[in-house]
Amino acid sequence: MNHRMWTPNRLEQERIDKLNALEARGTPAYPARVERTHTCAAAVDAFTQAESAAETPEAIAPVAVTVTGRIRRHNLKGKIAFLHIEDESGRLQLFLRINDMKPEAFALVSDKLVEMDDFVQASGTMMRTQAGEVSVRVSDFKLLAKSLSPLPVIKQAKQDDGTIIEYGEFSDVEARYRQRYADLAVNASVREIFRKRSQVIRAVREFLDNDGFLEVETPILQPVYGGAAARPFITHHNQLHQDLFLRISFELYLKRLIVGGYDAVYEIGRDFRNEGVSFKHNTEFTMLEFYKAYIDYRAVMELTEQMVAYTAQQVLGTTTIRYQGAEINLAPPWKRITMRDAIKQYTEIDYMELRDRDALEAAIRALGGDQARTLKPGQPWGKMVEHLLGEFVEPHLIQPTFITDYPIDISPFAKRVAYDDVHVERFEFYIHGMEFGNAFTELNDPRDQEQRFLEMAALYRPEDDDATPTDEDYLRAMRYGMPPTGGFGMGIDRLVMLLTDQRTIRDVLLFPHLRAEQEA
RNA sequence: GCCUCCCUAGCUCAAUUGGCAGAGCAGUUGACUCUUAAUCAAUUGGUUCUGGGUUCGAGUCCCAGGGGGGGCACCA
C-alpha cells in the first residue's frame, strides 16, 4: 500500500506553526486529562434555574461549571474575548477577561494560538452578558485538542424569534459525503437526521419487542444466497477454500428459526446487492425482516401499519407527517387494494382476461406513452403485470397503501391464494410512490417450494451462470414442518427518509458508497 | 452499462466573443475590556480535476481520462 503523504495547505501550515508555538510555551496540544461538570445545555439550564429562583439579580446563587467543546465562534476584542463552544448538547458562550484569569491562559486566545475549531475546556461561573446571553465568566481555560485543518466557515445569526440564519455553507455534495465528519461538524441539521435515524430503529425494536418478537442475528456470509432476486457480492474463505456470498436478504435463515420453534423472530441488519444505485438504492442497506408463526398476511398488514404509525409517533410525536411537500397520514388503517383492482383502476387493463403473455404485451403497448414504451420485449407474464403496477399505479400511491395478491410466478416464497391458480397471499406497501416493504403468508409446503425453486431457475437470469440457486438445506428445513407463518421485510433507510423528509437515501446513510478517490 | 450536466482560493461563488484569474467569508498584521454575521484599517492566498490538442493567446473550444449530480437500465 502506498501511503500518500499529507501536504498541508497554507491555512493548515499556519496551524502547524501555532501548534509548535504552543508546545514551545509548554502547552500540550493534545492532553490526556479532561474534566467536565456540565454539558453546554446543562450549564445554561442550571443558570436559568438559579435565576428564576432568585428574587433579585444580585441574589442569584453562583453556578460553577467546567464545560468542554469545539470553538465555533471566535471574537477577540482587545483585552476581552467571546468564544462560542459547541458540544453535542448545543452552544455556549465563554466570556474571557484578562483580569479574571491567568495572563498565560488569556494569551492562548489573544495570541490566536487557540482558535476556531479547537477543542477547549473552560471553568468559571455562569453569568448573563449585558446583551443578555447566558455565558461562562471564565477563570480557567485549557486547550484540549488542536485542529490542524480548518472546518468550512458557517456563521450563525440568531433572530429575535429564536430562528437561526446561517451565512456561508458547506454544501458540495461530494465533499459532504466523502468527509462526513466535516459535514456533521458544521451542519447541525445533518447531525439531527442521524439522531432521528437512531430513534427510528429504536422505536421499531420497541414495537416488535413489545409484541413478543425475539431479535436474532443470522449469517451475513452465506454459502447459498436467496430470498430476493438481486445479484450478490461474492467473497472467498481462504482456509475453507469456499466461496461465500454476502446476503441479499435474511428470509431463508429466519424461517429456519420458525421451524426450530420460535414463534416470532426479527432481524435488523445489512443486506448487500450488487446492483445500480439511485436515490432509493444503495449497495448496502439496512433491512428489517420479521416472521411470526400462526398469523397470515392480513395480520401482517395490521402489524405493519401499527409499527410504522408507532415509529412516527415515537420519533415525531405525530402520525401526520410532511414528506417532500405532501401531507401523509400514517394512522391505521391504511388503504388496501388488490393488484388486479389497482391496475384496472389506472389502466383499465384486467390482466385476468389477458392470461396469454403475448396478448398482455399487446395490450400494454396499446396503452401508449413512455410507461408503455419502457416495457422490454419478451418479459414473462408476471413481470409484465409488475411493470403495469410500477409504471401506472405506483406514482399515484401517495398515502400509505397495501397492494395485495401478487402473481405467483414472481413470488416464489408466498403461499397460493386458495382456489386461485394465479395469485399468492402477498402484499407490498407504498408511500409517496415508493415501495417500502414486501410481505406474505409464507409458503410452508415443501413440495410446492421445491417446484417454485425449479421454476425460478428456469424463469430468471437464464443467461447467468449463477441463476437463483435452489437452497437444499432450506427445503430440508421445510420438510421438518413449518407452522403457518406471516413474514415481512422493509427497508429501514426508506423509513428514515420518510420520517426525516430526505429525498435521497444517501442523506440518511452516514457513509454512502462512493468511488475511490483519485490518487494524487 | 447508457444519456446528460457539473468540477475555478480552505468554504460559497464570479470571470462578456477565446484576451491581465476576481469577490465575500476565513486566514495574516494592527486597533478595540460586554461582542454575537462584532467593527475599523492594511494584507496574503490559484496545478482553474488530470493529460493531450487547436490557437498569437484556453478557466472558456476539441479529444481522452477521473470524480460528482440528475435521468435511464438493473434491483421478482
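So that the names make sense, note that chain A is the first sequence line, chain B the second, and so on, each numbered from 1.
Between A/H84 and the options A/E133, A/R72, A/Q156, a side-chain hydrogen bond (donor to acceptor under 3.5 Å, both in side chains) holds for only A/E133. Only one option out of A/E251, A/R426, A/E289 pairs with A/N438 in a side-chain hydrogen bond (donor to acceptor under 3.5 Å, both in side chains); it is A/R426.
Across every strand in view, B/C72 sits in a pair with B/G1 that passes the Watson-Crick or G-U test at under 3.5 angstrom. The nucleotide B/A37 finds no pairing partner, because no Watson-Crick or G-U wobble arrangement with both distances shorter than 3.5 Å includes it. Pairing for B/A15 is absent, judged as Watson-Crick or G-U wobble with the two contacts each under 3.5 Å. Base pairing analysis places B/G65 opposite B/C49; the two distances defining the Watson-Crick or G-U wobble pair are each below 3.5 Å. Base pairing of B/A58: no nucleotide in any strand meets the Watson-Crick or G-U wobble criterion (both distances under 3.5 Å).
Residue contacts shown for A/G168 are absent, as no nucleic acid heavy atom lies under 4.0 Å away. Within 4.0 Å of A/R426, counting heavy atoms only, lie sugar-phosphate atoms of the nucleic acid but no base atom. Residue-level contact check: A/F413 touches the bases, meaning some heavy atom is under 4.0 Å from a base atom. In this structure, A/Q93 reaches the bases: a heavy-atom distance under 4.0 Å links it to at least one base atom across the strands shown. If you check every strand for non-hydrogen atoms under 4.0 Å, A/K18 touches sugar and phosphate atoms only. As judged by a 4.0 angstrom heavy-atom cut-off over every strand, A/P407 is placed among residues making no nucleic acid contact. In this structure, A/R515 reaches the sugar-phosphate backbone alone: every heavy-atom distance under 4.0 Å involves primed, P, OP1 or OP2 atoms, never a base. Using a 4.0 Å heavy-atom distance criterion, A/L514 is classed as a sugar-phosphate-only contact. Here A/S171 lies in heavy-atom contact (under 4.0 Å) with sugar-phosphate atoms only. Residue A/G390 is out of contact with every strand shown, counting any heavy-atom pair closer than 4.0 Å. Residue-level contact check: A/F95 touches the bases, meaning some heavy atom is under 4.0 Å from a base atom. Contacts of A/N274 with the nucleic acid, taken as non-hydrogen atoms under 4.0 Å apart, are absent. Residue-level contact check: A/L76 touches the bases, meaning some heavy atom is under 4.0 Å from a base atom. Within 4.0 Å of A/N75, counting heavy atoms only, lies at least one base atom of the nucleic acid.
Following rounding to the nearest Å, A/H387 (NE2) and B/C72 (C1') show an atom-to-atom distance of 13 Å. In this structure, the CD atom of A/E275 is 15 Å from the C1' atom of B/C72, given to the nearest Å. What separates CD of A/E166 from P of B/U12 is a distance of 13 Å, to the nearest Å. Following rounding to the nearest Å, A/H74 (NE2) and B/C32 (P) show an atom-to-atom distance of 16 Å. Following rounding to the nearest Å, A/M127 (CE) and B/U33 (C1') show an atom-to-atom distance of 12 Å. Rounded to whole angstrom, the span from the CD atom of A/E174 across to the P atom of B/C11 amounts to 12 Å. One atom, CH2 of A/W381, and another, P of B/A76, lie 18 Å apart when rounded to the nearest Å. Spacing between atom CG of A/L11 and atom P of B/C25 amounts to 15 Å, rounded to whole angstrom units.
Aromatic ring centres of A/H423 and A/Y351: separated by under 6.0 Å. The aromatic ring centroids of A/F95 and A/F82 lie less than 6.0 Å from each other. A ring-centre distance under 6.0 Å is found for A/F402 and A/F427.
Between B/C74 and A/K376, a contact under 4.0 Å exists linking OP1 or OP2 to a side-chain N or O. Neither OP1 nor OP2 of B/C34 sits under 4.0 Å from any side-chain N or O of A/R137. Under 4.0 angstrom from either OP1 or OP2 of B/A31 there lies no side-chain N or O belonging to A/K79. Considering only side-chain N and O atoms, A/R10 lies nowhere under 4.0 angstrom from the phosphate OP1 or OP2 of B/A26. Considering only side-chain N and O atoms, A/R15 lies nowhere under 4.0 angstrom from the phosphate OP1 or OP2 of B/G10. A sub-4.0 Å separation between OP1 or OP2 of B/G70 and a side-chain N or O of A/R503 is present. Note on A/R176: every side-chain N or O is 4.0 Å or more away from OP1 and OP2 of B/G69.
B/G70 and B/G65: their P atoms are spaced 23 Å apart (whole Å). One C1' atom belongs to B/A23, the other to B/A15, and the distance between them is 10 Å to the nearest Å. As rounded to the nearest Å, B/U60 and B/G18 have P atoms that lie 11 Å from one another. The gap from the P atom of B/A21 to that of B/C40 amounts to 31 Å, rounded to the nearest Å. Comparing the C1' positions of B/C75 and B/U4 gives an interatomic distance of 23 Å, to the nearest angstrom. B/A26 and B/G67: their P atoms are spaced 35 Å apart (whole Å). Look at the P atom in both B/C25 and B/C20: the space between them is 25 Å, to the nearest Å. Taking atom P on both B/G10 and B/G45, the two are 13 Å apart, rounded to the nearest angstrom.
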> Please walk me through it: do A/L108 and A/E104 pass side-chain contact (heavy atoms from CB on, under 4.5 Å)?
Replying inline: CA-CA 7 Å; A/L108 293 178; A/E104 56 270 28; over 6 Å; no
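A donor atom on one side chain and an acceptor atom on the other are found under 3.5 Å apart for A/D17 and A/Q13. In this structure, a donor-acceptor pair under 3.5 Å is absent between the side chains of A/Y297 and A/K415.
Taking the six-membered ring where tryptophan is involved, the planes of A/F488 and A/F429 are essentially parallel, since the angle between them stays under 30° and well short of 60°.
Side-chain atoms of A/E133 come within donor-acceptor range of the base of B/U36, with a qualifying N/O pair under 3.5 Å. With hydrogens and angles ignored, no donor-acceptor pair under 3.5 angstrom links the side chain of A/D172 to the base of B/U12. Within 3.5 Å, no donor on the side chain of A/R91 pairs with an acceptor on the base of B/U36, nor the reverse.
Nearest-nucleotide positions on RNA chain B for A/T129 and A/K155 put A/K155 closer to the 5' end. The residue among A/K158 and A/F170 whose nearest nucleotide of RNA chain B is located toward the 5' end is A/F170.
Of the candidate nucleotides B/U28, B/G70, B/G68, B/U28 has the atom nearest to the side chain of A/E14. Proximity note for A/A230 (side chain, C-beta onward) versus B/C74, B/C75, B/A26: the nearest is B/C75. Listed candidates were B/U33, B/G71, B/U29. Nearest to the side chain of A/K112 is B/U29. Here the nucleotide nearest the side chain of A/A131, chosen from B/U33, B/A76, B/U35, is B/U35.
A donor-acceptor pair under 3.5 Å is formed between the side chain of A/D87 and the backbone N or O of A/C40.
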